[in-house]
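Heads up, the thing below is written out as structure tokens.
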Amino acid sequence: MTKPFGQTDIAALVARQRPGLSLEQAFYAAPEIFAADTARIFHQDWQLAGHISEIPEAGDYLLFEVMGESVIVVRSETGAVQAHANVCRHRGSRLCIEPRGNVRRFTCPYHAWAYNLDGSLFHARQLDPEHDRDALALKPVAVELFEGLIYVSLARTPTRFDELRAELTPHVRPFGLERTRIAHRRSYPVRANWKLLVENYNECYHCTAAHPEFARSHVIHMTPDRSAPLNAELKARSAAVGASADTIDRIGSQAPAQSPDYSYNRYALFEGYQTGSESGEPLAPLLGDLTGYDGGASDVYVSVLNPMLIYCDHAVLYRFIPVDLHNSIQEIIWLVHEDAVEGRDYDRDRLTWLWDVTTEADKRIIEANQEGIGSRYYEPGPLVAMESFTRRFLDAYLSRLV
Ligand code: FES
Ligand code: FE
């Protein structure tokens, strides 16, 4: 882009975008678009900050950081999980520098104002008594727990979790995500705009060519006429082990007003695959209340930025983290049953093999995608039926920009 453009130009760009085509180059190249993405998506939407097993004791905290903002997620004295802006109310210093830790209070490294775990001001040396100390508490940030997963939103008025929780809980609860722990997490730096990570995650049109390891075990990359019979057979197997094979779709325009998007879908693995492993054999102890392996995987969204895939013996969580216009991080988090012991109950390399090799491949194809989109020869091209989720993401994204 040679000249800066403002909101009017963004509105014109959105209006010009033809439905059913990939986005115009400017959406991946203009700093103004990236600024709008930050303000309208990343500083608004619910995003996965962690798992409750990361902060089990009072005073345990972790930082959630996105595009210049930092949030302290802490287990308070009462056991509740709270979130505060990581900004001192004196002159604005960051309070917590270390990404994780355990504290009795938050003490500012600058002039040592101290805050209780609930964010209230505990001590401010020489502060004039005329100041209202209650008004100098840390600024609260919205936080929600869903099945042990911690979500944070920086929005002034965030969407509500009530409907999501009411509708998704019966389907996700059997996997006992609250009773899991993080077996491994890995960040994959990707030289691409964040939208290309999300676009890629939401379609499996590329899976046959790019992911032979995934494609030989998961039916999701097949056309519906071929996958539907296998998914129909799965229903009875899922019911037998206590898993839900229902479908819930509240993504995009179907979402209830004031609620984050959400969905649940369980699909089949090919015969011989009990879980997402190289051999098809189990990888770890069964999750939650499951009584066996149904040979399925649940695709779950808690808002579009927070997908997860739940097998019978582990879950894989995805985070799409923007760094700048042309750089992002794909973070993958593997959860296993909280009692599972590495080396005894699971092997970390085997557990992480599939989504490590798949994410490395995604990184390569996404980076090649970004390079091509930067070319003077790029023009938006048509999406196919297997890219319908990507299309829905793009439609929802465009509606957020104007
Ligand atoms: Fe925190 Fe001064 S900025 S105590
Ligand atoms: Fe992929």
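Counting starts at 1 for both ligands and their atoms, in listed order.
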* Counting backbone and side-chain atoms alike, does His206 have an N/O/S atom under 2.8 Å from the Fe ion (ligand 2)? -> yes
* Asked: Near the Fe ion (ligand 2), is there an N/O/S atom from Cys204 that is less than 2.8 Å away?
  ->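 Short answer: no, not a single N, O or S atom is under the cut-off.
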* Side chains of Tyr205 and Asn200: donor-acceptor distance under 3.5 Å anywhere? -> no
* Under 3.5 Å, is there a donor-acceptor pair between the Thr275 and Tyr293 side chains? -> no
* Start with the C-alpha distance between Trp194 and Phe42, add both sets of side-chain angles, then the distance that settles ring pair (Phe, Tyr, Trp, His ring centres under 6.0 Å), and finish with yes or no. => CA-CA 11 Å; Trp194 70 275; Phe42 289 97; 4.7 Å; yes
* cation_pi(Arg392, Phe389) dist<6.0 Å, angle<=45 -> yes
* **Lys195 NZ/CZ over Phe27 ring centroid, <6.0 Å and within 45° of normal** => no
* Structure fact -> The atom of Asp362 among N, O or S that is nearest the Fe ion (ligand 2) is OD1
* **Heavy-atom pair of closest approach, residues Arg94 and Cys108** =>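 Scanning both residues, the minimum pair turns out to be O-SG, 4.4 Å.
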* What do you reckon, is CD of Glu338 surrounded by more than 12 foreign heavy atoms closer than 6.0 Å? -> yes
* Under 2.8 Å from atom 2 (Fe) of ligand 1, which protein atoms of type N, O or S occur, listed by chain and number? ->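 Metal shell, protein only: His90 ND1, His111 ND1.
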